[in-house]
Amino acid sequence: MRIAFFSDIHGNREALDACLAHAERQRVDRMVFMGDLVGYGADPVYVVERVAREMEKGAVALLGNHDQAAALGQSDGMNEYARAAIEWTHQALDAASIDVIKTLPMSVTDEDRLYVHSEASSPHSWSYITDAQTAERSLRSTGARITLCGHVHRPQLYHMSPSKPPVFFLPQSSTPIPLMGNRKWLAVLGAVGQPRDQNPAAAYAILDTTLNEITYLRAAYNIEKAASKIHAAGLPQMLAARLFIGR
Amino acid sequence: MARQTLEVGSTIDGFLVGEKIHTGGMATLWRVTRPDIDTPIVMKVPTILEGDDPTVIVGFEMEMMILPRLVGKHVPKFYGIGDFARQPYVVMEYIQGYSLFSLIEKAPLPADEVAKIGVKVATALVDLHRQNVLHLDIKPSNIMIRDSGEAALIDFGLSRHLFLPDLLEEEFRVPMGTGPYIAPEQVMKNRSEPRSDIYSLGVLLYYLATNVRPFGLPQAQGQLKKRLWRDPVPPRKLVPNMPPWLQEAILRCLEVDPDDRYDTAAQLAFDLSHPDQIKLTARSQKLQRDSLPTSWKRWLKSKGSDSGPRQPRPQQTNLAPIIMVAVDFSDGQEALTEELRVNVKRVLATMPGVRIACVNVLKLNRLTITFTLDEEGRSIHVQRLVELKEWARPLGLDQERVTFHVLEHMDPAEALIEFASSNHVDQVVIGARASSTLRRFLGSVSSQVVARAGCTVTVVRAPRAIAEAEAEDEKMIDTG
């Protein structure tokens, strides 16, 4: 089975559509939306509706910190840009979208895999995985052979054998990586709607459970259009500018 | 880990187990068969020692990761892997031929045989490196020579795929490799350097040519480091009749700094295929090891170089390609050869590591097949070489970066395509003569090269050729 993972869409309609179209050409059997559907971008309702439609067809979707904050209208502890975006998004979301968000789970276990938006040892803390130490905390907290998460907006891959600390690997786009069976794997996905690895193209990944391979992928999308909508919505300019440079 | 017992007559995933043909420290080899596979195949099973030695297991994981991704005649063909949870194994082609290990007892071998083996192994490395895999354990017992003559590399337990996680990196308390053959940067725990394989091949060629291991048989880690500062005895000191070009090539492979070695395995294969074109430097003349103060300086420098693992850099072949330029000296082609030179200049400006092979075809016809044996033939051949050198002179290339070849052949396109393929040429630059109806009808040399060469081909036209072709088309219409 080929499963596509989309994380951190952040209300970016153009990026989501580009990834979904790209994934369709890769013969995907299932979709998993890894949280942070909204926040930052100008099309939160479109994104939630689109994800809800896919959920009706069997897709899985998780809750992200921005989804939770936008649904509740609570942006405590966020930086000024995120806070401005959450306040705007909270106003923009309709009741139906909020209902969808409220049903989203924190994590999902699927065979030997765990899906969670942020660091798995304490999903409600919304911690980031940025190095081998934080990866180890996540990997040690679960019995799953493969953990997939997002939240950081930068693609990373960690592998850990039973008696050793995890090792970081920077995945190359479009290269299938075998997830050898004798160790645990933590795949941190790049962001669909707001990449921060200095590559502005929308990021997602496909896991082939038969071949036991994960492939990190990039899809080009109309950044100008997504950015101009952010401007038109009166959201902070910086949220549009960063899309062009992927930071 | 649960294990099935492997014995003659048992079946695993459809593979029927036959006799055990090899028991090694790391793995055992069994002959196996499967009804749908009609070539001889073997199953390699890791030897799991008491306590499950992690290096053995991880090395086996690496092989299971890398071998299924490799193709071509320079590696064993892959047929299947077994899951670690049940019974780990790799099934691959049984290579029919002989191991280079068996040649060791015949050493010292004559220079031309050493070069021939060097070309075979370097060619296998070109193929491997183009697939983004570094072998990192090149030694005689890991190289098979097929009955068909090509070298095939085996045992990818220490290998590295540049685009996949390096599972061995975590085992990094000790350098991984084979003592006599390991490259200095591998001793310093860098597993991302394609030129490490060139170093190990240099050790192998040294050994075959002299029957002496250049760095002995080091027993301890401290002894491995010695190669970072103490250079080997120049092979010509051991084998006085060794030609200087072979010492030049071997010692260049054995340079401590990878930047001082051949940039690519393709360049090494190229040099060993054309010994007369190897640029001889002070290396070729050395008969003594470097002085102690020089070694002392290197020793001091090596102290600060414990770099450890690093991310791979962009593929070498992109930075140091071999470009073949086909130059035609027929009358009336002056504008075209000039345009060809302009194009080569552009390439040189963007790729400082590039090597240029200037090629001209001396066309033979069936009646004059013995042409080159007579006086006139030889003088024409020499004249063409002189013209090639004159053509390249304005490019101002160092001798190390340019070579000259006059190919004698009845079919110029065939000659060019063969040369490009056997010399691992990355790109061909060729001129297209002014288009004519006849040439379009018969198929020009350049169009045949474009259609059949296995690499990038750039076709250059003289600026006036286009206008002339249009004029000729109009003429055809008038008279037609």
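The figures that follow rest on heavy atoms only: side chains count, while hydrogens, waters and symmetry mates do not. In the text below, chain A, chain B and the rest are named by the order of the sequence lines, each starting its count at 1.
Residues A/S161 and B/V58 form no side-chain contact, since every pair of their non-hydrogen atoms from C-beta on lies 4.5 Å or further apart. Contact of the B/P165 side chain with the A/V167 side chain is not registered, since no non-hydrogen atoms from C-beta on lie closer than 4.5 Å.
Within the model, atoms CE of A/M180 and CG of B/L164 stand 10.5 Å from one another, a figure rounded to the nearest 0.5 Å.
Around atom CZ of B/F78, more than 12 heavy atoms belonging to other residues, nucleotides or ligands sit under 6.0 Å away. Counted within 6.0 Å of CZ on A/R247, heavy atoms from surrounding residues, nucleotides or ligands total 12 or fewer; the atom is thus considered open.
Residue pairs meeting the side chain to side chain donor-acceptor pair (under 3.5 Å) criterion with at least one member in residues 56-71 of chain B, sequence neighbours excluded: A/R183-B/E61, A/E213-B/R69, B/K44-B/E63.
The minimum heavy-atom distance linking A/F169 with B/F163 is given by the pair CZ-O, 3.1 Å.
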